[in-house]
Amino acid sequence: MIDPVALAQALIRCPSVTPKDAGALGVLAEALTPLGFACTPLPFTGDGGPATENLYATVGSGGKVFCFAGHTDVVPPGDSGLWKHDPFGGVIANGLLYGRGAVDMKSAVACFAAAAGRHLAKGPFKGTIALLITGDEEGDAINGTPKLLRWLQEKTITLDHCLIGEPSSTVTIGDGIKVGRRGSLNTRVVVEGIQGHAAYPAKALNPIHALAEFICRLTKTPLDAGTAAFEPSTLVFSSVDVGNPATNVIPAKATGNFNIRFNDAHSFDTLKDHLTAVAEAVEIETGATVTLHFNLSGVSFVTKPGPFTDVLDNAVAAVTGAKPEHSTTGGTSDGRFIKELCPVVELGLMNATMHQANECVPVADIEKLTDIYTAILGAYFAE
Ligand SMILES: [Zn+2]
């Protein structure tokens with residue numbers, strides 16, 4: 001049997017700041033192997049990304065494949081003076097396990113490994129339990145999940161459902177699952193006019209005024225009113241840059257950056273069309289040249305309510321007494337890649353201290369999440 005708390009401590013003691021593995025995946029494989037898991041280390045390199053360790057582990061055969069996806073890399077601890085305990089010490093104090101990755105998400109990886117052990121101890125079952133663990137989730141993921149998924153496809157390994165152990169709970173463990181994520185599109189706008197003297201604006205073409213018009217047009221009309229599964233999409237300018245130190249000069253160029261978090265009412269193409277139309281309208285009105293540079297981080301996805309989400313809802317309710325809320329808030333996750341292969345949801349610990357100094361999780365929550373994951377496996381393979 002795996003003790004999830006001890007395994008979480010052992011994982012935290014590996015200082016696996018992205019893209020370093022620092023032995024973390026070896027610790028996990030060492031825990032899984034005695035349970036009967038076949039562990040395949042999958043190091044990937046190249047494509048401009050850092051060398052990354054990854055792991056695919058499976059046990060069982062036939063039937064449906066239930067995949068747990070997660071990561072053992074962590075964000076840097078930041079100023080170590082702000083920590084009450086060594087961020088890589090795995091210290092337990094006053095019922096809390098401290099350390100970088102305690103919440104995001106080494107403990108959830110440990111919970112799932114322990115839950116798999118408990119499920120296997122119940123006797124033979126028809127189906128396959130898989131773990132898909134990457135060492136580059138907190139970075140650009142170039143040699144992480146996308147290449148893991150490509151490897152699965154090359155081996156013609158299919159997944160039926162996937163649960164990502166990202167922190168999804170807010171006030172109490174199991175109070176929320178993420179059934180989807182918004183898409184994210186970053187765009188840089190470059191507006192070019194004609195440089196001139198501030199006293200003779202008629203002889204110049206002010207790109208700042210044209211950029212202001214572009215910003216107003218984009219921000220005064222909402223992108224949508226929300227959909228069944230999503231809040232309204234948002235558009236946020238993060239920067240406007242001119243770099244002009246002179247007070248008597250109209251500059252030649254003004255630039256800006258904005259981010260759109262979009263729901264399932266939009267695709268990359270529909271957003272591109274919308275933004276291009278606004279840019280063209282501003283060009284016609286102002287005479288300036290407006291150029292857009294798009295950088296898509298991920299499109300939106302949602303796993304619709306059905307038998308799979310019912311299994312999760314009921315398993316959570318069996319342990320905590322209440323069904324979880326379904327939400328689609330937050331940033332992007334590796335779900336944006338996995339959704340191409342199978343339905344995916346996220347269910348994990350409370351997210352309050354993730355990425356903070358003194359990241360910590362109640363030890364009792366580690367036990368509870370293990371119970372939840374065990375209940376999920378039981379219900380999933382009983383179907
Ligand atoms: Zn994470």
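Because the structure is a prediction, the values reported are computed rather than measured. Both counts, for ligands and for their atoms, begin at 1 and track the order of listing.
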Q: In sequence, state the C-alpha distance, the side-chain angles, and the governing distance for R182 and D264, and then conclude on salt bridge (Lys or Arg N to Asp or Glu O under 4.0 Å).
A: CA-CA 8 Å; R182 296 174 297 177; D264 54 352; over 6 Å; no

Q: Go through D269 and K272 one step at a time and tell me if the salt bridge (Lys or Arg N to Asp or Glu O under 4.0 Å) criterion holds.
A: CA-CA 5 Å; D269 284 337; K272 240 177 7 186; 3.8 Å; yes

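Each protein N, O or S atom less than 2.8 Å from the Zn ion (ligand 1) was counted, giving 4.
R217 and E285 are joined by a salt bridge, as a carboxylate oxygen and a charged side-chain nitrogen come within less than 4.0 angstrom of each other. One finds a salt bridge joining R100 and E359 here, because a Lys/Arg side-chain nitrogen approaches an Asp/Glu carboxylate oxygen to under 4.0 Å.
Note: F112 and F66 have parallel aromatic rings, judged against thresholds of 30 and 60 degrees for the angle between ring planes.
Remark: the N54 side chain and the T134 side chain contain an N/O donor-acceptor pair separated by less than 3.5 Å.
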